[in-house]
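Heads up, the thing below is written out as structure tokens.
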Number of protein chains: 2
Amino acid sequence: MSYKIKSRIWIESEDNVLLGEGRVHLLKAINKTGSLSKAAKSLNISYKKAWQLLDSVNKSAKKPVTINSIGGKGGGGAELTDYGKSLVQAFDEINRNCWAFLDKELAKIERL
Amino acid sequence: MSYKIKSRIWIESEDNVLLGEGRVHLLKAINKTGSLSKAAKSLNISYKKAWQLLDSVNKSAKKPVTINSIGGKGGGGAELTDYGKSLVQAFDEINRNCWAFLDKELAKIERL
DNA sequence: AATCGTTATATTTGCTTAGACATAACGATA
DNA sequence: TATCGTTATGTCTAAGCAAATATAACGATT
């Protein structure tokens, strides 16, 4: 009962990271705010870091994860593609399943 | 097929880390060499880092994980207790099971 | 009591990484 | 064509963390 088991999972393609917890948080924030800069602010990370993360996600994904537009109405913005939304959903599901799985496994330590 | 899913798991008690991959590597090396300093060398980490890791393990464990002796024949040494050995074994098993579990889950991403 | 290799611990040095700052490019709208 | 808020990118500084260095304490063996 007194121990907690924790995990971090991430998905790589080649040697780039496609998705991890930070990247998924960012994608969710983009979906909520419609803009990369607003998403960065809401997560309290610098715009640059957010941009680098998003760039790396789009570069290692098979299909575009976001559509980014520069200039125009409101200066531009970013929004998730359907593919991006389903990636986020799948990652969350895997993560939740992993936690549940590990919680069961932890018993092997508790009973020692 | 082109994506890989990776994970790191660790076990906490209160807010100290009991076991993680680095700590388990260290425990295995101690078991092999019979000494903390030799274990550190074999893992290419500084003695100080090794000592800090081991100290934190022993502080957060319910029972002693290693027996460390200072001075005496050969200057001293460190060896795993039976409890320590079974902790290492259990952690390895959980880790392997987690990998297998996640490999199956990855299909949810591949088929998007 | 002198030796030896170890555990145990503090201090300082260096390096990688994150953050702050600055600025260019863009295009719809007015 | 001037404005505006955004995306996109470079540079420089700061800070946190890892590594290197130094040294004390220890006790069986000789």
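On a predicted model such as this, the values are computed, not experimentally measured, just so you know.
A:Asp55 has its CG atom 20 Å from the P atom of D:dT6, to the nearest Å. Between B:Glu79 atom CD and C:dT7 atom C1' the separation is 14 Å, expressed in whole Å. In this entry the distance linking CG of A:Leu53 with C1' of C:dG19 reads 14 Å, nearest Å. Between B:Asn68 atom CG and D:dG27 atom P the separation is 14 Å, expressed in whole Å. A:Ile67 has its CD1 atom 19 Å from the P atom of D:dT6, to the nearest Å. In this structure, CD of A:Gln52 is placed 13 Å from C1' of D:dT11, rounded to the nearest angstrom.
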Taking it one step at a time, do A:Thr33 and A:Ser35 satisfy side chain to side chain donor-acceptor pair (under 3.5 Å)?
-> CA-CA 5 Å; A:Thr33 61; A:Ser35 129; 4.9 Å; no
Please step through salt bridge (charged side-chain N to carboxylate O under 4.0 Å, His left out) for the pair B:Lys28 and B:Asp92, ending with a clear verdict.
-> CA-CA 11 Å; B:Lys28 287 178 182 173; B:Asp92 268 352; 2.8 Å; yes
Stepwise, does the salt bridge (charged side-chain N to carboxylate O under 4.0 Å, His left out) test hold for B:Lys85 with B:Glu79?
-> CA-CA 10 Å; B:Lys85 290 176 189 170; B:Glu79 57 177 359; over 6 Å; no
Check against salt bridge (charged side-chain N to carboxylate O under 4.0 Å, His left out), A:Lys108 and A:Glu105 | CA-CA 6 Å; A:Lys108 290 175 182 167; A:Glu105 290 283 305; 2.9 Å; yes
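Of the residues in residues 16-32 of chain B, not one places a heavy atom less than 4.0 Å from an atom of DNA chain D. A heavy atom lying under 4.0 Å from DNA chain D marks the following residues of residues 37-51 of chain A, by number: A:Ser37, A:Lys38, A:Tyr47, A:Lys48, A:Trp51.
Closest of all the heavy-atom pairs between A:Cys98 and B:Cys98 is SG-SG, 3.9 Å. The heavy-atom pair separating A:Gly20 from A:Phe91 by the smallest distance is C-CZ, 3.7 Å. Between B:Leu43 and B:Leu26, the shortest heavy-atom distance links the atoms CD1-CA, 3.6 Å. B:Ile9 and A:Ser7 make their closest contact through CG2-CB, 4.0 Å (heavy atoms, listed as atom of the first residue, atom of the second, distance). When all heavy atoms of A:Tyr3 and B:Ser60 are compared, the pair lying nearest together is OH-O, 3.5 Å.
Although no hydrogens or angles enter the test, the distance criterion places no donor-acceptor pair under 3.5 Å between the side chain of A:Asn31 and the main chain of A:Leu80.
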Assign a letter to each nucleotide of nucleotides 23-30 of chain C from its 5' end: B, base within under 4.0 Å of a protein heavy atom; S, sugar-phosphate only; -, no contact.
-> --BBBB--
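A:Glu14 and B:Lys4 are not joined by a salt bridge, as no carboxylate oxygen comes within less than 4.0 angstrom of a charged side-chain nitrogen.
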